[in-house]
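So that the names make sense, note that chain A is the first sequence line, chain B the second, and so on, each numbered from 1. Only heavy atoms go into these numbers, but all of them, side chains included; no hydrogens, no water, no symmetry mates.
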Protein chains: 2
Amino acid sequence: MNFNKTTEYSLRILGFMSIEEDKIYSAEVLNENLEIPFRYLRKQLTKLSNNGLLTSYRGKSGGYMLSKPSKEITLWDIIEVTEDIDHTHQCIFGFEDCAFGQRCAIHHKWEKIQEAINEMLKDTTLEELKRIGPQRFISQHNLMLTKNV
Amino acid sequence: MNFNKTTEYSLRILGFMSIEEDKIYSAEVLNENLEIPFRYLRKQLTKLSNNGLLTSYRGKSGGYMLSKPSKEITLWDIIEVTEDIDHTHQCIFGFEDCAFGQRCAIHHKWEKIQEAINEMLKDTTLEELKRIGPQRFISQHNLMLTKNV
DNA sequence: CACAAATGACACCTTTAGGTATTATTAACC
DNA sequence: GGTTAATAATACCTAAAGGTGTCATTTGTG
């Protein structure tokens with residue numbers, strides 16, 4: 001009952017980038033601030049670009065920037081890219097025809113929760129994540145660095 | 001954002017068994033009624049037994065039975081066996097220290113949903129699943145059989 | 001134009017969840 | 001007690017998610 005690592009990473013990346021949303025961030029910089037394996041981070045960034053969440057700038061002094069104002073990017077938008085299953089209507093038993101056919105006994109309960117989740121995801125924008133503040137992310141990194149001192 | 005197959009299967013198994021909760025069901029019978037690969041089903045059943053949700057009877061005319069009245073087994077009990085992560089307090093960003101340390105901006109929203117889920121899981125017992133009725137499960141199977149006619 | 005510093009594409013490796021196969025053990029029933 | 005029909009244990013296989021490595025392409029700048 002949680003999101004996969006790819007979603008987690010994407011939320012972290014975009015959350016961090018929304019702190020200064022007009023800035024171009026290189027993969028290098030993101031790697032220094034977020035705890036995500038460098039190659040995988042790179043892969044993710046290209047994916048997020050290809051799916052229109054980021055604009056990428058190639059060549060020297062290139063990098064990535066949010067493609068839209070942070071307040072126009074919802075968590076839902078992000079998750080649509082990173083989780084490929086349809087999570088709007090799913091039967092807790094995993095029966096194919098449950099969502100639209102015969103309902104299982106606890107379907108209504110489960111549906112209510114799904115709706116609450118979806119609503120939350122659609123209502124929450126990256127703007128809201130700014131409040132995390134840079135120190136939130138950076139502290140993680142420093143923690144690792146200071147260990148080596 | 002959903003449960004793994006193992007959880008799904010377990011809910012299906014126990015849901016089906018709660019229809020006639022005093023009956024002993026063999027793996028064979030369960031396999032005829034639920035769409036779960038036989039070997040994997042067997043494995044699951046042993047696991048559910050080892051974790052106290054089912055009582056197993058070995059030898060001829062053996063099988064499995066709910067270890068407690070269905071109204072005393074919650075979905076939570078089941079999920080505790082089948083999903084090994086701690087899903088009570090998790091940061092949507094996957095930061096280790098988020099749950100009890102510095103909170104991320106949307107943590108409270110996420111926490112509310114988690115609580116709703118947990119509450120639902122703890123409140124719902126297998127008793128409630130009886131209402132699915134046998135035809136709910138069996139129809140799935142018949143669907144496959146009739147295809148071959 | 002050449003070099004350096006960035007991303008893009010694509011193939012490959014690793015770990016884990018999901019699924020199989022085999023052999024051992026148990027217990028009812030003749 | 002032997003046979004048969006069930007579960008138990010354990011090891012192995014497979015597919016998909018997570019993670020790496022290499023080389024090509026782009027672009028700012030001396």
Can you tell me if the side-chain N/O atoms of [X] get under 4.0 Å from OP1 or OP2 in [N]?
| X | N | result |
| --- | --- | --- |
| B/Tyr9 | C/dG19 | yes |
| B/Asn50 | D/dA9 | yes |
| B/Ser26 | D/dA5 | no |
| B/Thr6 | C/dG18 | yes |
| B/Ser56 | D/dT7 | no |

For the pair made of [atom1] in [X] and [atom2] in [N], what is the distance, rounded to whole Å?
| X | N | atom1 | atom2 | value |
| --- | --- | --- | --- | --- |
| A/Asn31 | C/dA5 | CG | P | 17 Å |
| B/Arg42 | D/dA8 | CZ | P | 8 Å |
| B/Glu35 | C/dG19 | CD | C1' | 16 Å |
| B/Leu45 | C/dG18 | CG | C1' | 16 Å |
| A/Glu32 | C/dA6 | CD | C1' | 14 Å |
| B/Leu41 | D/dA6 | CG | C1' | 13 Å |
| A/Glu28 | C/dG8 | CD | P | 16 Å |
| B/Glu83 | C/dG18 | CD | C1' | 14 Å |

Exercise. Between A/Tyr57 and B/Ser61, which has a closest nucleotide on DNA chain C that is more 5'?
Worked result: A/Tyr57

Exercise. Mapping A/Gly63 and B/Lys5 onto DNA chain C by nearest heavy atom, which one lands closer to the 5' end?
Worked result: A/Gly63

Problem set entry | Note: B/Glu128-A/Lys109 ion pair, threshold 4.0 Å (strictly below) | yes

Exercise. Does a donor on one side chain and an acceptor on the other come within less than 3.5 Å for A/Ser70 and A/Glu127?
Worked result: no

For this session: Consider only side-chain N and O atoms of A/Ser10 and A/Gln44, and report whether a donor and an acceptor are under 3.5 Å apart.
Result: yes

Exercise. Can you check whether B/Glu20's main-chain N or O pairs, donor with acceptor, with B/Tyr25's side chain at less than 3.5 Å?
Worked result: yes

Exercise. Between the main-chain N or O of A/Val29 and the side-chain N or O of A/Ser26, is there a donor-acceptor pair closer than 3.5 Å?
Worked result: yes

Seminar exercise, completed: Nearest heavy-atom approach of A/Met65 to A/Ile24 is SD-CG1, 4.2 Å

For this session: Would you classify B/Phe38 as touching base, sugar-phosphate or nothing, given that sugar-phosphate means primed atoms plus P, OP1 and OP2, and contacts are heavy atoms under 4.0 Å?
Result: nothing

From the list [options], which nucleotide is the closest neighbour of the side chain of [X]?
| X | options | value |
| --- | --- | --- |
| B/Lys60 | D/dT7, D/dT20, C/dA28 | C/dA28 |
| A/Pro37 | C/dT7, C/dG19, D/dG19 | D/dG19 |
| B/Asn4 | D/dG19, C/dG18, D/dT7 | C/dG18 |
| A/Arg39 | C/dT22, D/dG21, C/dT7 | D/dG21 |
| B/Ala27 | D/dT7, C/dT7, D/dT20 | D/dT7 |
| A/Tyr40 | C/dT20, D/dG18, D/dG28 | D/dG18 |

Problem set entry | No-H, no-angle donor-acceptor pair, A/Arg58 side chain to C/dG8 base, under 3.5 Å | no

For this session: Take A/Lys43 and A/Gly59, find for each the nucleotide of DNA chain D with the closest heavy atom, and name the residue whose nucleotide sits nearer the 5' end.
Result: A/Lys43

